[in-house]
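What follows is one structure encoded as structure tokens, with my remarks underneath.
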Amino acid sequence: MRVELEPCIILHRRAYRDTSLILDVLSREHGRLALVARGARRPKARWRGLLEPLRSLRLSWSGRGEMQTLTAVETDGPAGAPEGERLYAAFYGAELVLRLTARQDPHPGIFDCLLKLIIQLRTGADTAPELRRFERDLLAELGYGLSLDIETGSGEPVRADQAYYYHPEHGLRISDACSQVAEIAIAGATLLALAADNLATPQQHRQARHLLAAALRPHLGDKPLRSAQTLRALRQLKASSTEQQ
């Protein structure tokens with residue numbers, strides 16, 4: 001198979017043999033795949049400086065099987081990655097895609113969501129709302145979308161003034177005196193704000209983060225996300241520095 005100048009995002013790269021790289025890339029029309037960039041680590045390699053994680057490029061490749069050969073690279077959009085905490089937020093998005101998608105399974109919507117996340121973070125957007133939007137939309141594209149405005153059992157609309165519990169398998173129910181194992185408490189106002197991209201308060205951001213983490217957990221398994229651990233450590237360090245000032 002030969003593919004010419006397909007829009008791609010580099011999710012991850014690693015050294016291969018003496019002078020080459022293996023790239024995990026997400027292509028818009030062909031899904032996630034592994035490409036060998038032969039000779040890419042040589043000092044005078046033709047693609048040196050281009051094959052960076054989170055970079056949006058147009059790639060050509062050929063071959064069959066699990067690993068194919070990169071044959072051409074063109075720039076596609078601005079270079080550079082987000083900075084600081086936003087960089088690790090973008091890596092978190094890329095790691096989610098790596099963990100939750102199968103190779104050669106096309107998901108143009110997931111490509112668009114990840115590209116939007118990287119662009120927004122690169123331009124300085126606030127990390128938390130961008131990540132919540134990405135997680136919500138990624139689950140929907142994978143077929144695990146959350147019903148944020150309808151109670152699961154009764155089919156009644158979610159009310160802003162009502163408290164709810166969410167369970168990854170059973171969905172939403174109106175809150176009562178005690179929660180069940182694995183249920184997350186969340187306000188109706190938070191559910192509606194998440195659905196409308198309008199999270200406004202620290203409590204809403206915190207509840208939405210816990211809700212989406214619970215929704216993602218059954219699909220990720222027990223292995224922790226490295227980027228999420230780093231992002232949490234950065235935030236804790238930042239909070240500690242602020243308290244000491």
Side-chain angles (χ1 to χ4, degrees), residues 1-82 87-122 134-135 137-144 216 219-228 230:
M1 181 178 74
R2 181 179 295 274
V3 177
E4 299 291 339
L5 298 178
E6 165 77 4
C8 294
I9 300 167
I10 298 179
L11 302 175
H12 184 262
R13 73 174 195 177
R14 58 193 183 275
Y16 179 62
R17 295 182 176 172
D18 292 334
T19 61
S20 300
L21 290 169
I22 293 178
L23 307 175
D24 287 302
V25 309
L26 180 67
S27 70
R28 193 175 192 281
E29 301 299 331
H30 298 270
R32 184 169 64 83
L33 60 154
L35 300 178
V36 179
R38 301 194 184 281
R41 294 164 57 213
R42 292 192 180 113
K44 296 183 179 180
R46 54 180 169 163
W47 302 321
R48 192 171 181 84
L50 290 178
L51 303 177
E52 300 293 333
L54 306 179
R55 188 77 186 269
S56 175
L57 299 164
R58 289 188 175 267
L59 304 181
S60 301
W61 64 86
S62 63
R64 298 180 181 276
E66 285 289 307
M67 197 177 302
Q68 302 179 52
T69 301
L70 183 69
T71 57
V73 178
E74 287 189 5
T75 57
D76 187 23
L87 174 63
Y88 290 97
F91 275 126
Y92 167 73
E95 191 175 3
L96 279 180
V97 170
L98 269 171
R99 292 277 292 274
L100 294 175
T101 59
R103 284 187 177 175
Q104 300 181 7
D105 183 15
H107 280 285
I110 293 178
F111 178 92
D112 293 343
C113 288
L114 181 59
L115 182 60
K116 181 178 179 181
L117 174 68
I118 293 169
I119 290 172
Q120 291 295 101
L121 294 173
R122 187 190 293 142
F134 175 75
E135 291 166 335
D137 293 347
L138 176 62
L139 284 164
E141 291 290 340
L142 291 168
Y144 307 126
L216 286 163
H219 312 295
L220 288 170
D222 296 328
K223 184 179 178 182
L225 292 162
R226 293 182 181 179
S227 52
T230 303

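FYI, side chains are in, hydrogens and waters are out, and symmetry mates aren't considered; it's all heavy atoms of this structure. From a predicted model like this one, the values you see are computed outputs, not experimental measurements.
Two residues are said to be in side-chain contact when any heavy atoms from C-beta on lie closer than 4.5 Å; Leu54 and Leu87 meet this criterion. Annotation: side chain of Ile118 is not in contact with side chain of Arg55 (no heavy-atom distance under 4.5 Å). By the 4.5 Å heavy-atom criterion applied to side chains, Leu59 and Glu6 are not counted as neighbours. In this structure, the side chains of Leu21 and Arg41 come closer than 4.5 Å at one or more pairs of heavy atoms. A heavy-atom distance below 4.5 Å is not found between the side chains of Leu57 and Cys8. Counting heavy atoms from C-beta outward, Met1 and Trp61 have side chains that approach closer than 4.5 Å. No side-chain heavy atom of Leu138 sits under 4.5 Å from any side-chain heavy atom of Leu114. With a 4.5 Å cut-off on side-chain heavy atoms, Asp105 and Thr101 do not count as touching.
In this structure, CG on Leu96 lies 6.5 Å from CD on Glu135, to the nearest 0.5 angstrom. Atoms NE2 and CZ, on His30 and Arg32 in that order, are 15.5 Å from each other to the nearest 0.5 Å. To the nearest 0.5 Å, atom OG1 of residue Thr75 and atom CG of residue Leu50 are 7.5 Å apart. Atom CZ in Phe134 sits 12.0 Å away from atom NZ in Lys116 (nearest 0.5 Å). Taking CG from Leu23 and CD from Glu52, the interatomic distance works out to 10.0 Å, rounded to the nearest 0.5 Å. Note that the OG atom of Ser20 and the CZ atom of Arg13 stand 12.5 Å from one another [nearest 0.5 Å].
Across every non-hydrogen atom of Pro224 and Arg99, the tightest pair is O-NH1, 3.6 Å. Of all heavy-atom pairs between Glu29 and Pro108, the closest is OE1-CG, 4.1 Å. Nearest heavy-atom pair, Ala40 versus Ala45, reported as atom, atom and distance to 0.1 Å: O-CB, 3.5 Å. Residues Pro53 and Leu11 approach most closely at CB-O, 4.5 Å, considering heavy atoms.
With hydrogens and angles disregarded, no donor-acceptor distance shorter than 3.5 Å links the side chain of Arg58 to the backbone of Glu74. Thr71 contributes a side-chain N or O that, together with a main-chain N or O of Ser60, makes up a donor-acceptor pair within less than 3.5 Å. Between the Glu95 side chain and the His12 main chain, no donor and acceptor come within less than 3.5 Å of each other. When atom types are taken as modelled, the side chain of Arg28 and the backbone of Asp112 share no donor-acceptor pair closer than 3.5 angstrom.
Exactly one of Thr69, Thr19, Leu70 qualifies for a side-chain contact (heavy atoms from CB on, under 4.5 Å) with Arg38. That residue is Thr69. When Ile9, Asp24, Leu26 are each tested for a side-chain contact (heavy atoms from CB on, under 4.5 Å) with Val97, only one passes: Leu26.
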Could you check Leu139 against His219 for side chain to side chain contact (heavy atoms under 4.5 Å, CB included), going step by step and ending with a plain yes or no? CA-CA 10 Å; Leu139 284 164; His219 312 295; 4.2 Å; yes
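No more than 12 heavy atoms of other residues, nucleotides or ligands shown are found within 6.0 angstrom of CZ on Arg226. Within a 6.0 Å radius of CZ in Arg17, no more than 12 heavy atoms belonging to other residues, nucleotides or ligands are found.
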